[in-house]
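Notes for the one structure printed next.
Numbered from 1 within each chain, the chains take letters A, B, ... in sequence-line order.
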Number of protein chains: 2
Amino acid sequence: MALKRSRQREMIKSFLMGRKDHPTADVIYSNLKQQDPKLSLGTVYRNLTLLSDMGEILRLRVGDGVDHFDADTSEHYHFVCTECGSFIDLDMDSIDSIMETAGERFDGRIRGHVTYFYGTCPACTRVATES
Amino acid sequence: MALKRSRQREMIKSFLMGRKDHPTADVIYSNLKQQDPKLSLGTVYRNLTLLSDMGEILRLRVGDGVDHFDADTSEHYHFVCTECGSFIDLDMDSIDSIMETAGERFDGRIRGHVTYFYGTCPACTRVATES
DNA sequence: TTCCTTGCAAATCGTTTGCATAATG
DNA sequence: CATTATGCAAACGATTTGCAAGGAA
């Protein structure tokens, strides 16, 4: 039960904090593997699960079949580009009011929601628009 | 390229139309297997993929690691109970305006969004409230 | 010394796919 | 007859897990 610190967990957490994209377990693994050749993928998964269970990171599922991880746990929304797959943080106002909208004719209790947006990212939009 | 009708595809589609929950491929398979013992899981998956690619059904991913399918393709939102896992349609106003909110300070193009709500369903809420 | 964590490999689970045969148009 | 769809089983890819050895408290 008691958590003991581990070099690996710290590596993973700080790697994640240093990135603005939202890497998958495998990307995290192959990057860190270079500075620590003994690192194993199982350890990466175990720690990502541990960190997200503790609420220190977010596990994002956007339907591409792979989990993405984010060290930024503050409220924010994501955008996924359907052309290049890039995964971007959106700077936008809160849309928490949709929970009230959802609850208007619902007898249960709405505690949260998962929302992400998709479309064409700025870079791909530019390419598509070029003459 | 040309689509040929198949008894199996029709079974699957009508089974799905007759349910208000949002069964997984495996649930669909085990139910239909009873009336057609030769049915194979591969066929179920192939047809579900085909039907959702054609837009006749929806493939829903709510982060539980399993795909759910819905024959109702009209715009509507879902609720997932974190206690019992039930998967319910919400009768609620459109929240498409969140796409404008998201686009305000974003240079790309937002084409859509995925949103689902979670919390405690009416039945579980009742149980929790009972004295 | 206790017991949490790792590395490694094997196991799981949902989903996809190759191939020979059956069904459709 | 030309082709699409099926059943079956093997293949896949992401994630999890059992176990013996290593490391933190």
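Here B:Tyr45 reaches the OP1 or OP2 of C:dT15: one of its side-chain N or O atoms lies under 4.0 Å away. Between A:Arg9 and C:dT5, a side-chain N or O to OP1/OP2 separation shorter than 4.0 Å is present. Phosphate proximity of D:dA24 to A:Ser6: absent, as no side-chain N or O sits under 4.0 Å from OP1 or OP2. The side chain of A:Gln8 places no N or O atom within less than 4.0 Å of a non-bridging phosphate oxygen (OP1 or OP2) of D:dG23.
Taking the six-membered ring where the residue is Trp, A:Phe117 and A:Tyr77 present perpendicular rings, their angle passing 60° and hence far from 30°. Taking the six-membered ring where the residue is Trp, B:His78 and B:His22 present perpendicular rings, their angle passing 60° and hence far from 30°.
No side-chain heavy atom of A:Ile12 sits less than 4.5 Å from a side-chain heavy atom of A:Phe69.
Between the OH atom of B:Tyr29 and the C1' atom of D:dT6 there is a distance of 13 Å, given to the nearest Å. The separation between B:Met54 atom CE and D:dA5 atom C1' is 13 Å, rounded to whole Å. Straight-line distance from the CG atom of A:Leu3 to the P atom of C:dC4: 10 Å, rounded to whole Å. In this structure, A:Asp36 places its CG atom 6 Å from P of C:dG7, rounding to the nearest Å. Between the CG atom of B:Leu41 and the C1' atom of D:dA10 there is a distance of 14 Å, given to the nearest Å. Taking atom CG of residue A:Leu51 and atom P of nucleotide D:dT15, one finds them 15 Å apart after rounding to whole Å. Following rounding to the nearest Å, A:Asp67 (CG) and C:dG14 (P) show an atom-to-atom distance of 15 Å. Note: CZ (A:Arg5) to P (C:dT5) measures 12 Å, nearest angstrom.
A donor-acceptor contact under 3.5 angstrom links the side-chain atoms of A:Arg46 to the base of D:dG18.
For the pair B:Ala25 and A:Lys33, both in contact range of DNA chain C, the more 5′-proximal nearest nucleotide belongs to A:Lys33. Across the interface with DNA chain C, nearest-nucleotide mapping of A:Leu50 and B:Gly42 shows A:Leu50 to be the residue nearer the 5′ end.
Closest approach to the A:Lys4 side chain among D:dT15, C:dT2, C:dT15 is made by C:dT2 (side chain taken as heavy atoms from C-beta onward). Of the candidate nucleotides C:dC8, D:dT6, C:dT16, C:dC8 has the atom nearest to the side chain of A:Ser40. Comparing D:dA14, D:dT6, C:dG14 by their nearest atom to the side chain of A:Val66 picks out D:dA14. Which of D:dG7, D:dT16, D:dT4 sits closest to the side chain of B:Lys38 comes down to D:dG7. Counting only heavy atoms from C-beta on, B:Asn47 has its side chain closest to D:dT6 among D:dG7, D:dT6, C:dT15.
Between its two ends, the helix from C:dT1-D:dA25 to C:dG25-D:dC1 turns its axis by 30°, counting five pairs per end and rounding to 10 degrees.
Nucleic acid contact class of B:Asp26 (heavy atoms, under 4.0 Å, all strands): none. Using a 4.0 Å heavy-atom criterion, one finds that B:Thr49 contacts the sugar-phosphate atoms exclusively. B:Arg61 comes within 4.0 angstrom of no nucleic acid atom, judged by non-hydrogen atoms across all strands.
The minimum heavy-atom distance between A:Tyr116 and A:Val62, with the atom names listed, is OH-O, 3.3 Å. Of all the heavy atoms in A:His113 and B:Tyr118, the pair that sits closest is N-CE2, 3.5 Å.
Screening B:Thr24, B:Leu39, B:Thr49 against B:Val44 for a side chain to side chain contact (heavy atoms under 4.5 Å, CB included) leaves a single residue, B:Leu39.
Of the possible donor and acceptor atoms, one in the side chain of B:Thr82 sits under 3.5 Å from a partner among the backbone N and O of B:Gly119. Of the possible donor and acceptor atoms, one in the side chain of B:Arg9 sits under 3.5 Å from a partner among the backbone N and O of B:Lys4.
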